[in-house]
S.K.: 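My questions will all concern the structure given below.
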Amino acid sequence: MNDATFDQLRAALREMRGALRTNVPLAKLTHVRIGGPAACLVEPFAEGDVSMTVRACRDLDLPLRVLGGGSNLIVSDQGVAGVVMMLGSLNRVVRDGNRLSAGAGVTLPTLLSGARKLGLAGLESLTGVPAVVGGAVKMNAGTREGETFDHLCSLTVVDRDGEIEVRDRTSLSPSYREGGLVDLIVVNATFDLHEDSPQAIYDRFEANLQRRNSAQPVTERSVGCVFKNPTGDSAGRMIEQAGCKLMRRGGISVSAKHANFFVNDGGGSFADFMDLADQVRDRVLQRFEIELAFEVQVWD
Ligand code: FAD
Ligand code: EPU
C-alpha cells in the first residue's frame, strides 16, 4: 500500500478506536508460520469500529480480509495487498440463562473452559480446535462429535456496507466446514447450551483431547486437515493409501501421524506447501479417481 493510500485510509478511520499499522508480518499470526506481510493491519476496538473499517475499505476500494486465530490459513510469501482486520478486542463473553454470547475474538479454549465452569454443556465437540469464535463460525469448525452450528442460535454480523445486523440461525445455511456466510463478518455469536455438571463436561473434554492427541500431530505447526473429507471417507486414509506419508517439499512434509496434516519444520514456504498439496492431490486422484478439495483457506 503506498503512502498516499495509507494516508487516505488513516483519514477515513480517524474516529475509529483501535490500532492501524502498515507492513505487518502475518507468518507469526498463523499456526503454520508461513506468509509475508499484510499491507495494512487494522485492529478495531468494538463492533462500531469494525463497521467503520468496512465502510472505509469499500469507499477506498481496498480489499479487506479478516484474520481469526490463523489456524486454517496459508498466506502467500509475498503477503497480501489491502487491509487485514483482526478482531481480538471483541473478547467479551456474556451469559444469559443457558445462553453464552461471545465476541468474534474469543478463543475457543476460553469459551469452552468458561462454559465448563458455568456448568453449560454442548461445546465439548470443539475441544482442541485452535480457533477464535469468528473463525470457527465462518468455517463451521467441527469434529466427528459435532460442529459449531449445532448450538449456535444467532450471530451479529457486519455486512459489506458496514451495517450491523443480527441473524437468526434459521436464516443461515451452514454445511460441512462451511458456515455459508459469504462476505458477512462475524462480530458476535450466541450459543444455546444445556446444564450439566462441570465434572461431566470436563470428562468429555479430556476424552476428546486424548483422542485428538493420539491421532493428530498437535504439537507441530500445521493448518489442521489440509483437505476436506470426501463424503463417507477420510482424506487422511486416502493420502496414506496413495503412498504420500512423509512426502516432503522443502520445509513442508506430510505428517507421519496423520497424512491430512502437512507440517512445517521451520523453514517451509507457501510455494513448498502448495507444491506438496498439488503432488498429494495428483497421487490421490490417480489412486482413487477422487479430487480432494482444500479445506485450508489460501490468501495469495
Ligand atoms: P482463520 O484460520 O484465521 O480464518 C479461517 C477463515 O475464517 C478465513 O477465511 C477468515 O477470513 C475467516 N474468518 C476469520 N474470522 C472471521 C470473522 N470474524 N468473520 C468472518 N470470517 C472470518 N478445524 C476443524 O473444523 N476441526 C478440527 O478438528 C480442527 N483441528 C485442527 C487442529 C489443528 C492443530 C489446527 C492447526 C487446525 C485445526 N482445524 C480444525 C482448522 C481450524 O482450526 C478451523 O478451520 C478454525 O475454524 C479456523 O479458525 P480461525 O479462528 O483460526 O480462523
Ligand atoms: N487414517 C489413516 N491414515 C491417516 C489418517 C487417518 O488411515 O494418516 C484413518 C484413521 O485410522 C481412521 C480414519 O482414517 O480410520 C479417520 O481418521 P480420523 O478419525 O483421524 O478422522 P479424519 O477424518 O482424518 C476428521 C476431521 C478432523 C477432526 C477429526 C476428529 C476432516 C477433514 N477432518 O479427521 O478435523 O479433528 O475428524 O473428529 O473433516 C480439520 O478439519 O482440520 C480437522 C482436523
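In listed order, ligands and their atoms are each counted from 1. For clarity, every value in this text was computed on a predicted model and none was experimentally measured.
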S.K.: Give a yes or no on this: more than 12 heavy atoms of other residues, nucleotides or ligands lie within 6.0 Å of atom CG of Asp96.
M.R.: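 Check fails, neighbour count at 12 or below.
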S.K.: Using atom types as modelled and distance alone, determine if a side-chain donor or acceptor of Asp161 lies under 3.5 Å from a backbone N or O of Glu163.
M.R.: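 Between the backbone of Glu163 and the side chain of Asp161 there is no qualifying donor-acceptor contact (under 3.5 Å).
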S.K.: State which residues pass side chain to side chain contact (heavy atoms under 4.5 Å, CB included) with Phe6; sequence neighbours excluded, sorted by chain then number.
M.R.: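 Expected list: Met1, Arg10, Leu20, Thr22, Cys40.
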S.K.: His258: which residues meet the ring pair (Phe, Tyr, Trp, His ring centres under 6.0 Å) condition with it, sequence neighbours left out?
M.R.: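 Residues passing ring pair (Phe, Tyr, Trp, His ring centres under 6.0 Å) with His258: Phe261.
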S.K.: With hydrogens left out, which residues have an atom under 4.0 Å from ligand 2, given that only heavy atoms count?
M.R.: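 For ligand 2, the contacting residues are Thr143, Arg144, Tyr176, Arg177, Arg212, Gln216, Gly224, Cys225, Phe227, Asn229, Ser234, Gly236, Arg237, Glu240, Lys245, His258, Ala259, Asn260, Phe261, Glu295.
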S.K.: May I ask you to check whether over 12 heavy atoms, not counting those of Arg160, lie within 6.0 Å of atom CZ?
M.R.: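 No - once you tally the heavy atoms of other residues, nucleotides and ligands closer than 6.0 Å, there are 12 at most.
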S.K.: What residues come within 4.0 Å of ligand 1, counting heavy atoms only?
M.R.: His31, Val66, Leu67, Gly68, Gly69, Gly70, Ser71, Asn72, Leu73, Leu87, Ala104, Val129, Pro130, Ala131, Val132, Gly134, Gly135, Ala136, Lys138, Met139, Ala141, Gly142, Thr143, Arg177, Leu184, Ile185, Val186, Arg212, Ser222, Val223, Gly224, Glu295, Gln297, Trp299
S.K.: Kindly indicate, with the supporting measurements, whether the criterion side chain to side chain contact (heavy atoms under 4.5 Å, CB included) is fulfilled by Leu108 and Val133.
M.R.: CA-CA 6 Å; Leu108 288 191; Val133 164; 4.3 Å; yes
S.K.: Tell me, yes or no, whether the heavy-atom count around Asp3 atom CG, taken from other residues, nucleotides or ligands under 6.0 Å, exceeds 12.
M.R.: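 Not more than 12 within 6.0 Å, no.
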S.K.: Is there a side chain to side chain donor-acceptor pair (under 3.5 Å) between Asp272 and Ser269 once you walk through the steps?
M.R.: CA-CA 5 Å; Asp272 293 338; Ser269 67; 3.2 Å; yes
S.K.: Would you kindly confirm whether Phe227 and Ile252 end up in one hydrophobic cluster when ILVMFWY residues are joined by side chain heavy atoms under 4.5 Å apart?
M.R.: yes
